[in-house]
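Naming convention: chains lettered A, B, ... in sequence-line order (proteins, then strands); numbering from 1 in each chain.
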Amino acid sequence: MEWTALWVSLRLAFFTTLILTVVGIPMAWWVATSRRRWIFIVEAVIALPIVLPPTVLGFYMLMLTGPYSPVGSVWINATGVPIPFTFHGILAASVVFNLPFAVRPFIAGLSSVDRRLVEASWSLGVSRTATFCKIVVPMAWPGIITGMVLAFAHTLGEFGVVLMVGGNIPGVTQTLSILIYDEVQAMNYADAARISMIMLVFSFTMLCMIFSVQRRIMPV
Amino acid sequence: MSAVLHVDFEKRFPDININADFEHISDGFRTTALFGPSGCGKTTILRCIAGLERPEKGRISWNGEAWSDPDRKIHLAPQKRRIGFLFQDYALFPHLSVRRNIGYGLPSGSSTQESIEDIMGRFKLTGMENRAPRELSGGEQQRVALARAVIRRPRLLLLDEPLSALDMTTRQMVRSELRSMLMDAGKPVLLVTHDPVKVLTLAERVLVINEGDIIQQGTTTEVFSRPVNKTVAGIVGTETVHHGEIISIRDGLADIRVGDTVVNAFAEEADGKLVDICIRAEDVSLFRGNPGRTSAQNVLDGRITELISEGPMYRVSIDCGFPLTALISKQAKEDLALTPGESVCAVIKATVVHVIPKG
């Protein structure tokens with residue numbers, strides 16, 4: 001039982017991190033370098049999930065993606081499956097919910113890149129995109145790694161928003177944290193304790209590994 | 001064929017408006033310095049030419065090719081201007097080796113490798129290929145930055161405060177090296193500096209910039225010996241600037257009342273005209289007692305008020321009816337046994353007293 005749930009948790013964390021890395025880095029670069037006055041509104045929207053209760057976000061996600069909503073009906077017509085109570089559904093919710101945990105460290109990392117290095121690269125005839133890949137990303141690497149670790153770890157521990165959007169379907173949407181809740185509800189304290197311990201050891205080991213790697217690769 | 005950089009633009013900031021209007025014409029190596037106090041807008045002019053800032057009005061062009069023309073919505077990207085920009089702190093990529101810094105952005109291939117080897121030899125960098133920029137001395141970092149800019153065969157080199165990231169002793173060593181490397185590159189150069197010594201050692205022409213405006217331009221000798229007004233005189237570091245009044249003029253040689261004394265200088269102004277006189281400290285000779293017969297028109301008796309040691313030189317302040325500064329060697333100071341309070345005789349040729357009409 002718990003191995004199935006662990007697999008769901010790991011898949012969810014992996015894909016959430018992947019999507020947030022691909023989407024979040026350009027978004028963070030845009031926020032970090034924009035001179036527009038209203039950019040603080042974008043920052044506030046990105047940070048919103050930090051302060052919003054997961055149930056509130058889950059409720060809105062449910063409303064937005066339900067089969068009778070515009071987004072939900074387009075999706076169901078295109079794919080034949082609904083968004084809520086599926087793996088795609090919790091993945092979408094998880095991406096939105098983890099946005100600040102990935103994007104804010106990305107912004108911090110990208111902002112720390114010396115603007116002059118970017119300008120030096122442009123002056124040397126290298127395009128904006130190539131400059132971003134060759135100079136900005138390698139220089140912002142500690143911030144990018146931090147964002148990815150936080151997004152991954154935070155997704156593993158996610159509970160409220162997944163429960164709201166995904167329910168509790170073993171093998172599909174039942175993650176480890178939801179399984180623990182289930183076991184406690186059923187008074188299976190021994191199982192809950194074992195799974196909790198698995199999660200604690202797993203999360204701690206992973207964080208230790210990544211932080212030690214980050215220390216070694218940190219440039220300059 | 002000579003290359004012409006034509007610059008005539010306006011760039012506005014909340015606290016300063018920058019107006020740049022000049023031409024840089026060259027057949028190969030030729031250096032113009034943009035010179036002025038910090039915050040005067042000289043770096044912004046350089047950044048506009050590089051395409052890193054956008055002027056609001058006017059035009060920047062290179063041999064007739066428009067680089068910037070906001071009225072026609074033209075802004076050529078920095079990548080397409082083919083310029084070499086040397087940043088103040090060099091902006092070497094810290095995560096790349098010396099070789100990869102120099103070859104940055106060049107197509108990989110044997111010809112690129114060859115030109116990297118070649119330029120590293122010319123810039124005395126052989127053996128440092130795999131070092132990181134932080135393992136280099138300041139002078140070496142500058143050579144890498146210049147090699148990186150020059151290897152792409154830029155049409156124009158822009159230098160922002162070169163040498164200022166170095167300490168005093170290294171700076172003196174690297175200064176002559178920089179000039180020979182620039183001559184070697186054979187490109188037109190615009191350099192920004194606030195240091196008059198760099199202007200005199202590195203540039204042929206100078207634009208004096210103050211509060212966003214070019215207030216004088218010309219050859220370095222012309223600008224440094226004949227500032228058009230008191231502000232330029234202050235910026236180029238003319239030590240003695242004092243107001244005076246022309247009493248009479250005979251054959252172009254004027255008697256000018258300055259403080260409590262009369263100074264002779266060449267002037268074209270009518271009688272009664274108010275002027276400023278400028279005298280560079282190195283043009284003043286000092287004597288103890290009477291200098292005897294001399295061709296110099298100004299022999300002024302005075303008293304030493306202050307002596308300041310500046311390396312191998314002494315800066316001597318004298319009260320000779322008006323405050324005058326002289327620059328003499330340490331040896332001369334000892335030979336004449338100069339101390340504050342002593343009386344001394346200052347000798348100045350009429351030809352080195354520069355007269356600026358007031359108003």
Side-chain angles (χ1 to χ4, degrees), chain A residues 21 25-26 28-30 32-40 105-148 210-220, chain B residues 43-44 46-54 67 75-97 100-108 112 132-135 141 144-161 165 190:
Chain A
T21 306
I25 292 178
W29 181 240
W30 175 56
T33 57
S34 175
R35 290 183 193 173
R36 301 196 189 281
R37 285 198 185 149
W38 45 262
I39 202 73
F40 69 93
F106 290 170
I107 293 174
L110 296 172
S111 307
S112 73
V113 177
D114 187 350
R115 176 88 189 155
R116 268 201 271 214
L117 297 179
V118 175
E119 291 177 344
S121 173
W122 293 350
S123 304
L124 290 165
V126 177
S127 72
R128 282 168 177 261
T129 318
T131 298
F132 185 75
C133 299
K134 287 179 170 182
I135 304 297
V136 177
V137 172
M139 298 301 298
W141 199 230
I144 290 172
I145 282 278
T146 307
M148 289 168 73
I210 295 176
F211 280 126
S212 85
V213 170
Q214 189 183 359
R215 266 184 178 273
R216 260 179 277 147
I217 62 159
M218 195 121 81
V220 200
Chain B
T43 296
T44 306
L46 210 63
R47 289 174 57 80
C48 286
I49 296 170
L52 300 170
E53 302 269 356
R54 292 169 185 244
W67 280 2
H75 176 80
L76 193 69
Q79 287 90 336
K80 300 205 174 118
R81 298 192 184 196
R82 278 190 44 219
I83 40 106
F85 199 118
L86 192 76
F87 287 79
Q88 190 172 357
D89 55 2
Y90 312 131
L92 295 178
F93 304 125
H95 60 303
L96 300 180
S97 65
R100 292 184 63 200
N101 260 284
I102 295 175
Y104 179 79
L106 294 175
S108 53
T112 299
R134 66 174 179 279
E135 296 169 333
Q141 288 186 14
V144 174
L146 203 58
R148 183 177 72 174
V150 167
I151 197 170
R152 317 182 58 89
R153 302 185 183 282
R155 299 186 278 191
L156 170 70
L157 277 170
L158 304 174
L159 278 55
D160 187 8
E161 297 277 4
L190 282 185

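In plain terms, the two heavy atoms of B:Arg152 and A:Gly125 that are nearest each other are NH2-CA, 4.1 Å. Closest approach of A:Ala120 to B:Phe87, counting heavy atoms only: CA-CE1, 3.5 Å. A pairwise comparison of heavy atoms in B:Leu52 and A:Trp122 identifies CD2-CE3, 4.1 Å as the closest pair. Among all heavy-atom pairs drawn from A:Leu117 and B:Pro94, the shortest one is CD1-CD, 3.8 Å.
Within 6.0 Å of CZ in A:Arg116 there are more than 12 heavy atoms belonging to other residues, nucleotides or ligands.
Note: B:Pro78 leads B:Pro78, B:Pro154, B:Gly51, B:Gly84 in heavy-atom pairs under 4.5 Å with chain A. Looking only at heavy-atom pairs under 4.5 Å with chain A, the residue among B:Leu92, B:Asp89, B:Leu96 that has the most is B:Asp89.
Taking CD of B:Gln79 as the start and OG of A:Ser121 as the end, the distance is 7.5 Å to the nearest 0.5 Å. Summarising the geometry, atom CD belonging to A:Glu119 is positioned 7.5 Å from atom CD belonging to B:Glu53; distances are rounded to the nearest 0.5 Å.
With a threshold of 4.5 angstrom between heavy atoms, B:Arg148 approaches chain A through its backbone and through its side chain.
Using a 4.5 Å cut-off on side-chain heavy atoms (C-beta onward), A:Leu124 and B:Phe93 make contact.
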